[in-house]
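These figures come from a predicted structure and were not determined experimentally. Quick note on labels: first sequence line is chain A, next is B, and so on, each numbered from 1.
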2 protein chains.
Amino acid sequence: MTTPQDAFTPRAAGARRPTLEDVARLAGVSRAQVSLVVRGSARVSDASRERVLSACREVGYRPNLHARTLAQTESGILGVLVSDLHNPFFAEVVDGLQEGVRPAGKQLVMASGGRSPEVEREALEMLLSLHPTGVVVLGSVLADADLEELLGRGLPVPVVSVTRVVGSALVDSVSIDEAAGAELAVAHLAELGHRRITHLDGAGGAGAADRAAGYRAAMRRHGLQDRAEVCPGGFTEAAGAAAAEELLHRCGEDLPTALFVANDIAAVGVLSRLAEAGVEVPGRVSVVGFDDSWVAGSRFTALTTVRQPKLRMGLLAVAAVLERAAGRREPSRTVVEPELVVRSTTAPPARVGRGGQG
Amino acid sequence: MTTPQDAFTPRAAGARRPTLEDVARLAGVSRAQVSLVVRGSARVSDASRERVLSACREVGYRPNLHARTLAQTESGILGVLVSDLHNPFFAEVVDGLQEGVRPAGKQLVMASGGRSPEVEREALEMLLSLHPTGVVVLGSVLADADLEELLGRGLPVPVVSVTRVVGSALVDSVSIDEAAGAELAVAHLAELGHRRITHLDGAGGAGAADRAAGYRAAMRRHGLQDRAEVCPGGFTEAAGAAAAEELLHRCGEDLPTALFVANDIAAVGVLSRLAEAGVEVPGRVSVVGFDDSWVAGSRFTALTTVRQPKLRMGLLAVAAVLERAAGRREPSRTVVEPELVVRSTTAPPARVGRGGQG
DNA sequence: CTGAAAGCGCTTACAG
DNA sequence: CTGAAAGCGCTTACAG
């Protein structure tokens with residue numbers, strides 16, 4: 001006679017989760033038989049399958065993943081370390097992971113690093129303690145050395161880093177061709193007629209350095225080298241707003257006609273600061289972001305941006321981990337191609353400017 | 001002679017994760033001793049602790065959480081089911097969970113439902129198979145009956161639902177006083193002088209019905225009952241945009257002077273549609289959202305909204321689960337208070353309207 | 001502190 | 001199909 005509430009009596013007081021044994025006893029079959037049924041084996045007669053399943057329901061049996069993993073030495077778990085749950089970029093990559101993982105019959109287990117190295121470290125330790133089939137690291141904030149040390153110790157766990165390229169041969173990576181992305185942004189603006197295109201940097205964020213280098217190269221390629229300018233920024237809205245503020249302060253009326261911002265969130269910060277200052281976008285200044293996360297696609301923002309194929313990056317990450325788990329020995333460095341998405345924050349430069357551009 | 005790459009040889013080929021046994025052998029102590037050191041017991045001499053720890057490093061030992069849990073029948077894991085990773089609201093609640101869980105020495109393990117009932121169901125099954133200390137459900141999209149059935153089976157796992165109140169006595173809940181939130185929104189608008197305040201509904205989302213009912217009650221309380229109007233909407237930007245579209249179509253020039261929208265994301269959709277239609281906010285129409293997720297706080301949106309204390313809700317959820325795990329038998333229904341956050345999308349109604357409000 | 005042992009809940013052969 | 005057994009990697013007493 002247990003009421004539902006009795007079920008919550010603390011363990012010490014006797015609550016016990018039903019096991020295979022309980023089911024076997026009730027169904028009048030062997031434990032091995034129950035194990036087969038639970039895992040959906042075909043080598044079981046329909047009659048006994050029925051009895052077992054109904055016994056499972058009756059006692060409320062739920063397989064213990066820990067016991068199963070211990071016995072199998074294969075958890076079927078794919079660990080995902082998300083450095084920052086607030087960044088919509090990662091949510092979309094996780095969609096891709098989810099999609100990639102289903103056909104493989106694995107389960108995604110996530111832990112968040114909360115943008116803090118210590119928390120991330122603990123989360124990663126926990127994930128590794130789960131002895132997962134593999135681990136996907138989304139945008140770690142750990143220093144390269146720390147990350148490698150942490151992963152190096154756990155040995156035979158395939159790890160793939162998305163966004164960030166880790167030096168170690170132990171770690172696969174899936175990242176975007178940052179230089180190509182920067183080229184797309186600059187080319188688009190140059191084609192519209194912009195000559196003075198300033199880059200607001202990502203300040204140490206994953207890929208930011210390559211993005212900035214790509215920008216410089218692109219400016220050179222378009223013969224705009226003397227107009228190239230990189231301002232410190234960051235990957236957050238506040239950083240974007242601050243960078244815009246700094247720019248307004250420094251340039252006064254003589255603003256660049258176009259801004260290529262390190263990512264979408266920062267670009268939103270730029271847009272708001274410019275709006276406050278009464279600087280029209282794209283009338284007076286054009287703005288291009290990076291990522292194409294949903295903020296960019298929001299009709300309210302309607303930001304022209306460089307798309308990262310987030311879903312595909314997730315799929316590729318799963319593929320990399322699974323291959324490595326299956327025995328591939330060489331590290332894989334997958335690089336995906338960006339794509340320009342033109343929305344409403346870019347237009348040809350105003351002809352009536354006082355700065356007078358070429 | 002194993003190079004780092006050899007570590008990735010598939011299991012079948014002999015890769016094996018180091019165990020307690022390996023460490024004990026290397027350090028020349030018993031397994032029990034290693035176990036004590038690894039768990040940080042004080043009853044170990046410094047000398048042998050040192051030897052053990054260095055052996056751990058040398059062989060790359062990492063405790064197997066599955067084995068530990070199996071032995072302890074306590075995983076120290078708090079499972080978190082996130083219905084939708086894309087909703088910034090949940091990310092902030094998770095921050096609270098993270099904060100609450102650290103002092104308790106537990107680990108957060110997350111799984112995402114991807115807004116799909118089937119995926120959510122599988123994710124929840126997996127979380128329960130981890131035999132966690134407890135489970136926190138953030139905004140389930142499962143039907144009440146399904147959710148209860150799923151949880152009811154797993155028995156002694158404390159479960160708390162955040163945002164959504166589940167009928168079952170088995171499930172604790174942490175939610176906001178929706179009626180009070182609606183009252184804050186309506187009172188704010190009424191004080192500004194608005195009389196025609198339309199509610200854009202959340203259409204079945206968690207809490208939406210109570211929010212709408214709260215709106216009606218508040219309109220009654222403010223003597224605005226005859227001006228009360230609820231339009232179908234939803235909890236997404238697209239739904240908000242569609243609702244605004246519908247409203248524009250139906251009302252023509254005779255728009256309500258204020259909109260109370262079911263949540264922030266939908267409110268952003270409303271703002272963009274209104275902007276496209278050339279309807280000034282707050283000049284012509286005031287808009288209030290719900291949640292105070294970061295989209296609302298964005299300087300670009302600057303949405304007046306009703307704040308849910310997300311961090312606190314996370315903390316309370318952890319507390320509820322832990323208490324229940326410790327033996328509390330009665331279900332707990334925690335209700336938190338909302339708070340009005342005034343930003344730039346609300347203002348007194350225009351006096352120069354052709355609709356002419358009282 | 002050590003060492004031997006039992007047990008956690010499963011899976012996996014293996015003989016019948 | 002059954003039944004008995006070993007083993008996965010730990011923890012937890014317990015006698016020394």
Length of the line joining L65(B):CG and dC8(D):C1', which is rounded to integer Å: 15 Å
Nearest-nucleotide 5' precedence on DNA chain D, A67(B) against R39(B): A67(B)
Whether H131(B) and H66(A) hold their rings parallel, tilted or perpendicular, with breakpoints at 30° and 60°: perpendicular
Distance-only donor-acceptor check, side chains S48(A) and Q33(A), under 3.5 Å: yes
Pair T19(A)-R31(A), side chain to side chain contact (heavy atoms under 4.5 Å, CB included): steps then yes or no: CA-CA 10 Å; T19(A) 71; R31(A) 284 165 53 203; over 6 Å; no
Rounded interatomic separation in angstrom, taking NE2 from H66(B) and C1' from dC8(D): 11 Å
Residues touching DNA chain D, which here means a heavy atom under 4.0 Å, drawn from residues 23-36 of chain B: R31(B), S35(B)
Nucleotide dG7(D), atom C1' - distance to CG of L70(B) in whole Å: 12 Å
Sugar-phosphate, base or nothing in reach of S48(A), heavy atoms under 4.0 Å: sugar-phosphate
Atom-pair distance (CD on E21(A); P on dC10(C)), nearest Å: 10 Å
Rounded distance (Å) that lies between atom C1' of dG9(D) and atom CG of N64(B): 6 Å
Nucleotide dG9(C), atom P - distance to CG of L128(B) in whole Å: 17 Å
Dot-bracket notation for DNA chain C, counting Watson-Crick and G-U pairs under 3.5 Å, with | for partners on another strand: |||.||||||||.|||
Check against side chain to side chain contact (heavy atoms under 4.5 Å, CB included), V38(B) and R68(B): CA-CA 12 Å; V38(B) 168; R68(B) 175 177 289 179; 3.6 Å; yes
Worked check of side chain to side chain contact (heavy atoms under 4.5 Å, CB included) between M126(B) and V109(A): CA-CA 9 Å; M126(B) 186 271 288; V109(A) 165; 3.5 Å; yes
Within-4.5 Å side-chain heavy-atom neighbours: T163(A) and V93(A): no
Whole-Å distance separating the CZ atom of R68(A) from the C1' atom of dC8(C): 16 Å
Nearest-neighbour nucleotide for the T19(A) side chain, dC10(D), dT11(C), dG9(C) considered: dG9(C)
Verdict with supporting geometry, V135(A) and L124(A), side chain to side chain contact (heavy atoms under 4.5 Å, CB included): CA-CA 9 Å; V135(A) 170; L124(A) 192 51; 4.1 Å; yes
Closest heavy-atom pair and its distance - R164(A), S173(A): O-CB, 4.1 Å
Between dA13(D) (C1') and Q72(B) (CD): distance, integer Å: 14 Å
Non-hydrogen side-chain atoms of D95(B) and K310(B) separated by less than 4.5 Å: no
Out of dC10(D), dT11(C), dC8(C), whichever nucleotide has its closest atom nearest the side chain of L20(B): dC10(D)
